[in-house]
2 protein chains.
Amino acid sequence: MKAMMQKKANQAHLTSQLKVSCDTCSLSELCLPRGLSKEDLNKLDHLIERPRSHDANTLIYQPGDKFTGFYAVRSGGVKTYLTKKTGEQQILGFHLPGEVFGLDGLENSKQRCYAAAMENTSYCILPHEELDSLCAVIPELRSQVYHIMGHEMNCDHAHLLLLGQQTAHERLATFLLSISSRFKKRGFSATSFVLPMSRHDIAGYLGIAVETVSRLFKSFQEQGIIKINRKQVDILDLDKLNEMVANCEEPK
Amino acid sequence: MKAMMQKKANQAHLTSQLKVSCDTCSLSELCLPRGLSKEDLNKLDHLIERPRSHDANTLIYQPGDKFTGFYAVRSGGVKTYLTKKTGEQQILGFHLPGEVFGLDGLENSKQRCYAAAMENTSYCILPHEELDSLCAVIPELRSQVYHIMGHEMNCDHAHLLLLGQQTAHERLATFLLSISSRFKKRGFSATSFVLPMSRHDIAGYLGIAVETVSRLFKSFQEQGIIKINRKQVDILDLDKLNEMVANCEEPK
DNA sequence: CGCTTGATTGATTTGAGTCAATCCCAGTGG
DNA sequence: CCACTGGGATTGACTCAAATCAATCAAGCG
């Protein structure tokens, strides 16, 4: 199994031939370049290693690896996670195109968690040293880096609230809404989409058992809230979902 | 109740008369100044608003407040938290002297969570704009800012693992070890200390009920692992505690 | 010295986990 | 082209860890 994963990871990919600049990247408004002038964007563009590619279920990095820089998903999907000795994975986050991951390495220049591609995935790397130097001279880039880090932290905090205070069905509803709104932001349907992750990963993210995920999906379907077939999800009653998670006090 | 909290918060404090520079602050090796030259330290020192003070159980900021900058605890203790509509608090973190909080405001210049003093607390504020400008010219300061942010994220990730995968007794053991090692780092005893937070807050941090916290403390005591009386904790068997949490795969 | 608030203890309930079969599809190879 | 197969997903039966409900108990305070 491990050998197979390694073999896959080492394959050359067609996508690695692609040359795409931030300038023309459809994700730039969601990604690090957001808010930069054309000139500054150009500087950023030159230091990016891209695109790299990983097959489904292959590791991108793991704890102890040297921290290379920020990773930005271009296509596919990535999960970051920690594990218990017993093997259970706590998924820390799912990362969709335009989203950044790898910030866990900032503390001491070593990655602290695992990152794995959930499907065939391509991504850019922004080497940290070069990015840092550029930050010194482009205030807008610093702002954007702060913004992204702050966003990551707030996502983690929402996740903590979910794991610490929400029931299993609230968790699943929150999860569906999060995926839905993120697909929407990327120009896809908010109510009909294909989940990029397995039931196992959903369970790992929500801190519940796979069987519970299965049962809850079924229950949601029976209530007419969603229609689900394998990874194909159709949200039939978005209001009901929102109602279910309307428990986290919103800032006024 | 609210009125009382407000009144307390508005009182002038003796500590606010104190003038302490980073230079002579015993916490500087744990705090933002770490790794800065004397000259750079001086620049940093000039932009710090300090010291501010809050009485026990008073709010320092809340969701929607304007993001002012990084907060560094000087004495006392602070909790940051989110709440459900129903009132339950999910504690995001406990912040001891020398620790930084308030980074949740980085995403969009508004605070996203609550911060409250758990006891009479003094702290410094590092205004964000000034700190950012200084970051442009002091690479070491940028490094330290990255380090602190990375550390925050990794703390949150460990917290996610705790909430998602650990049993109630593993959670409490993890919590005790975390507090112990942080006190130790500050030059206090690792095995005998006074908890700065209530049972309610511990429960809120660990995602379990207060009653469970109480029962577990009792159970730990009966097993000879700790001795506990109200907030006074004596750890009798540190190895046993470590054994209980030896479940998170360590980076090799 | 009563009062309020936090902590403890006990009795009972329950949401979600665990264990154990299937089921079902995607991919493989004949 | 279709049978085979292995891993993910589903379903059901049963268990249990922790929540909830309900009294005390203890301590700090006005």
Side-chain angles (χ1 to χ4, degrees), chain A residues 1-2 4-5 8 55-57 79 84 86-90 118-120 162-173 175 194-222 226-233 244, chain B residues 1-2 4-5 7-8 55-57 79 84 86-91 118-120 162-173 175 194-222 226-233 244:
Chain A
M1 178 59 181
K2 264 199 177 168
M4 191 191 72
M5 283 171 64
K8 278 194 181 179
D55 276 335
N57 303 312
K79 62 174 176 179
K84 285 187 78 173
T86 42
E88 296 95 335
Q89 296 181 356
Q90 176 59 45
M118 295 188 294
E119 47 191 323
N120 199 331
L162 177 144
L163 290 177
Q165 306 295 336
Q166 294 185 195
T167 63
H169 53 271
E170 286 171 342
R171 295 184 198 194
L172 191 63
F175 166 76
V194 176
L195 294 172
M197 71 292 285
S198 67
R199 297 289 192 270
H200 184 83
D201 287 340
I202 297 173
Y205 179 81
L206 299 178
I208 58 181
V210 245
E211 293 94 328
T212 306
V213 174
S214 226
R215 278 185 255 270
L216 285 172
F217 272 141
K218 194 190 174 193
S219 153
F220 280 21
Q221 182 160 258
E222 284 168 357
I226 62 167
K227 190 174 168 317
I228 184 158
N229 184 271
R230 289 246 138 191
K231 296 189 168 176
Q232 171 65 45
V233 175
M244 289 175 76
Chain B
M1 178 59 179
K2 265 197 176 170
M4 191 191 70
M5 284 171 63
K7 182 180 148 244
K8 279 194 182 180
D55 275 335
N57 303 310
K79 63 174 177 179
K84 286 186 77 173
T86 42
E88 295 95 336
Q89 297 181 357
Q90 176 59 46
I91 310 286
M118 296 188 294
E119 45 191 325
N120 199 330
L162 177 145
L163 290 177
Q165 305 296 336
Q166 295 184 194
T167 63
H169 52 271
E170 287 171 340
R171 295 183 198 194
L172 190 63
F175 165 74
V194 176
L195 294 172
M197 69 292 285
S198 68
R199 297 290 192 269
H200 184 82
D201 287 341
I202 297 173
Y205 179 81
L206 298 179
I208 58 183
V210 246
E211 293 94 327
T212 306
V213 174
S214 225
R215 278 185 254 270
L216 285 172
F217 272 142
K218 194 190 173 192
S219 153
F220 280 20
Q221 180 159 261
E222 284 168 357
I226 62 168
K227 189 173 167 322
I228 184 160
N229 184 271
R230 287 243 137 195
K231 295 190 168 174
Q232 171 64 45
V233 175
M244 289 175 77

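The structure displayed is predicted, hence computed values, not measured ones. Sequence lines set the chain letters: A, B, ... in the order given, protein chains first and strands last, and positions in each chain run from 1.
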Worksheet item: Can you tell me if A/Gln165 and B/Gln90 form a side-chain donor-acceptor pair at under 3.5 Å?
Response: yes

Worksheet item: Is any side-chain nitrogen or oxygen of B/Thr212 closer than 4.0 Å to OP1 or OP2 of D/dA19?
Response: yes

Worksheet item: Is there a side-chain polar atom (N or O) of A/Arg215 under 4.0 Å from OP1 or OP2 of D/dT11?
Response: no

Discussion item. Please evaluate residues A/Leu163 and A/Arg171 with respect to the criterion side-chain contact (heavy atoms from CB on, under 4.5 Å), reporting the C-alpha separation (whole Å), side-chain torsions for both, the decisive distance (0.1 Å), and the verdict.
Written reply: CA-CA 8 Å; A/Leu163 290 177; A/Arg171 295 184 198 194; 3.8 Å; yes

Practice prompt. Measure from CG on B/Leu163 to P on C/dA16 and round the result to the nearest Å.
Written response: 15 Å

Fill in: Residue mapping more 5' on DNA chain C - nearest nucleotide basis, A/Ala209 or B/Phe217
B/Phe217

Worksheet item: Atom CG of B/Leu195 to atom P of C/dG6: distance rounded to whole Å?
Response: 16 Å

Worksheet item: Given atom CD of B/Glu222 and atom C1' of C/dT8, what is their separation to the nearest angstrom?
Response: 12 Å

Practice prompt. Using heavy atoms to find the nearest nucleotide of DNA chain C for B/Ser214 and A/Thr167 separately, return the residue whose nucleotide is more 5′.
Written response: B/Ser214

Discussion item. Measure CG/A/Asn57 against P/C/dG27 and give the value in whole Å, please.
Written reply: 12 Å

Worksheet item: Going by an N to O cut-off under 4.0 Å, is there a salt bridge joining A/Lys84 and B/Glu170?
Response: yes

Item to complete: Provide, to the nearest angstrom, the distance between the CD atom belonging to B/Glu211 and the P atom belonging to D/dA22.
Response: 12 Å

Discussion item. Rounded to whole Å, please give me the gap between NZ in B/Lys231 and C1' in C/dT5.
Written reply: 12 Å

Discussion item. Between B/Gln89 and B/Gly204 (side chain of the first, backbone of the second, donor and acceptor by atom type, cut-off under 3.5 Å), is there such a pair?
Written reply: no

Fill in: Rounded interatomic separation in angstrom, taking CD1 from B/Ile208 and C1' from D/dT20
14 Å

Discussion item. I need the CZ-C1' distance between B/Arg230 and C/dT5, as an integer number of Å.
Written reply: 9 Å

